[in-house]
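One structure below.
Heavy-atom basis, side chains included; hydrogens, waters and symmetry copies ignored. Below, chains carry the letters A, B, ... as their sequence lines are ordered, and counting in each starts from 1.
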2 protein chains.
Amino acid sequence: MTDARQASPRRAEILAAAADLFARRGFHGTSIGDLGGALGLTGPALYRHFRGKEAVLAEMLVDISERLRDEGVRRAAASDASAALDALLDWHISFALDNPALITVHERELDNVPEPQRHQVRRVQRAYVEEWVAVLRRLRPDEPEPRIRAAVHACFGLLNSTPYSATGLSRPAMAELLHAMGRAALCC
Amino acid sequence: MTDARQASPRRAEILAAAADLFARRGFHGTSIGDLGGALGLTGPALYRHFRGKEAVLAEMLVDISERLRDEGVRRAAASDASAALDALLDWHISFALDNPALITVHERELDNVPEPQRHQVRRVQRAYVEEWVAVLRRLRPDEPEPRIRAAVHACFGLLNSTPYSATGLSRPAMAELLHAMGRAALCC
DNA sequence: GAAGCTTGTTAACGACCGTTAACATCTGAC
DNA sequence: GTCAGATGTTAACGGTCGTTAACAAGCTTC
């Protein structure tokens with residue numbers, strides 16, 4: 001019962017609290033007691049909802065990577081490659097600005113995900129990257145593919161820097177800035 | 001004797017091994033035993049050279065931030081603002097490509113540095129950012145400063161993405177790509 | 001060659017961690 | 001009203017961690 005994918009309000013609360021704690025203190029820096037305490041519970045209560053600490057992280061990363069890819073596939077389908085790139089940028093930026101903790105955990109904690117979920121997350125991440133690469137190949141057909149792939153990774157680094165820069169910019173201003181920078185970086 | 005800043009070959013070895021381990025597994029994911037073992041020693045041997053685990057991290061981050069800033073100050077002094085920006089980009093990129101582990105630790109583990117070194121690192125980091133901001137203000141005087149500062153942080157995210165993208169690009173090709181992307185992103 | 005400093009070792013400490021067991025309470029179904 | 005399931009608690013487990021203590025071996029100096 002604590003095993004499979006079963007949406008319950010408690011599970012969602014735990015995942016939200018875990019995202020915040022894992023982002024702020026890291027997976028190894030967060031104890032089960034901390035995690036329960038953030039919800040007004042004791043540590044062992046979490047075992048009613050998850051098989052263990054690693055299972056919380058695993059479900060979190062699987063969910064993030066699939067959300068990014070699923071919507072990425074949709075956005076990349078635009079017939080105009082330039083519009084598709086804009087749509088991908090908008091999607092990734094809005095996700096990063098809405099979920100800074102998730103972006104941080106997704107970026108840092110993959111190595112702590114147990115198999116087989118780690119392999120699954122890697123596969124889904126790769127599929128998401130390939131959506132970007134495919135759009136850019138349409139946009140700049142003369143560019144060698146390894147260079148495009150490296151550029152996409154670097155662009156993610158740019159867009160994902162959001163959580164760390166506690167800047168004085170409003171959210172729309174930040175979104176616009178990241179879009180312009182990402183676009184310029186990819187099309188340089 | 002184990003206290004102050006005293007360069008010894010052993011200390012440098014420990015710092016190098018710690019950079020690698022902290023980057024790969026995180027500060028909390030690395031034990032003193034792991035760290036000693038990486039050098040063919042036992043854990044407690046490290047206490048002959050450092051006051052404790054946190055002291056290793058603290059010295060590492062203070063050193064990184066000061067190296068970045070010191071050379072940053074030099075590069076930013078070029079009379080031509082555009083040349084200064086190129087020089088800053090070249091510096092940061094070469095540092096990141098030469099020291100991927102240091103860049104990773106510097107980016108992720110500041111919260112685990114004890115006071116007062118954490119405050120010191122923050123101050124030096126801020127000074128490094130200000131070198132970039134000052135150059136960009138000369139280059140684009142009409143741009144509001146908060147936007148410039150946010151752009152610099154985003155650019156660091158781009159340049160620091162190096163360690164995660166184990167790409168098929170050669171080092172010169174990667175350096176050239178990052179330079180072009182960073183320059184385009186900042187001047188968009 | 002004795003003394004002392006440096007740099008290691010092993011053994012042991014107290015604390016904390018992830019997890020499990022045993023038990024309590026509440027809720028809904030019949 | 002009772003039973004069963006879901007969801008919480010406290011207590012206890014084995015393991016690991018950072019750190020310290022006690023001791024040993026090698027080098028340098030006089």
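Note that CZ of B:Arg74 is 8.5 Å distant from CH2 of B:Trp91, once rounded to the nearest 0.5 Å. Atom CD1 of residue B:Ile14 and atom CD of residue B:Glu59 lie 10.0 Å apart, to the nearest 0.5 angstrom.
For B:Arg10 and A:Pro44, each mapped to the nucleotide of DNA chain C holding its nearest heavy atom, the one lying further toward the 5' end belongs to B:Arg10.
Residue-environment remark: CZ (B:Arg137) stays at or below the threshold of 12 foreign heavy atoms within 6.0 Å.
Rounded to whole Å, atom P of D:dT20 lies 14 Å from atom NZ of B:Lys53. For the pair A:Leu46 CG and D:dA6 P, the interatomic distance rounds to 18 Å; values are reported in whole Å. Distance B:His28 NE2 to C:dC16 C1': 13 Å, rounded to the nearest Å. Whole-Å rounding puts the A:Phe50 CZ to D:dG8 P distance at 12 Å. Distance CZ (B:Arg25) to P (D:dT16): 14 Å, rounded to an integer number of Å. Straight-line distance from the CD atom of B:Glu54 to the P atom of D:dC17: 16 Å, rounded to whole Å. Taking atom OH on B:Tyr47 and atom P on C:dT6, their separation rounds to 20 Å, with Å as the unit.
Nucleic acid contact class of B:Gly52 (heavy atoms, under 4.0 Å, all strands): sugar-phosphate only.
With hydrophobic clusters built from ILVMFWY side chains whose heavy atoms lie under 4.5 angstrom apart, B:Leu21 shares a cluster with B:Met60.
Of the possible polar contacts, none joining the B:Arg69 side chain to the B:Gln125 backbone as a donor-acceptor pair under 3.5 Å is found. B:Glu109 places a side-chain N or O within donor-acceptor distance of the main-chain N or O of B:Phe27, the cut-off being under 3.5 Å. Proximity of a side-chain donor or acceptor of B:Arg11 to a complementary backbone N or O of B:His49 within less than 3.5 Å is detected.
Distance from the side chain of A:Thr42 is smallest to D:dT10 among C:dG18, C:dT9, D:dT10.
For the OP1/OP2 pair of D:dG8 and a distance below 4.0 Å, the side-chain nitrogens and oxygens of A:His49 include at least one atom meeting the criterion.
The stretch residues 30-41 of chain A comes close to DNA chain C through A:Thr30, A:Ser31, A:Ile32, each having a heavy atom under 4.0 Å from the strand.
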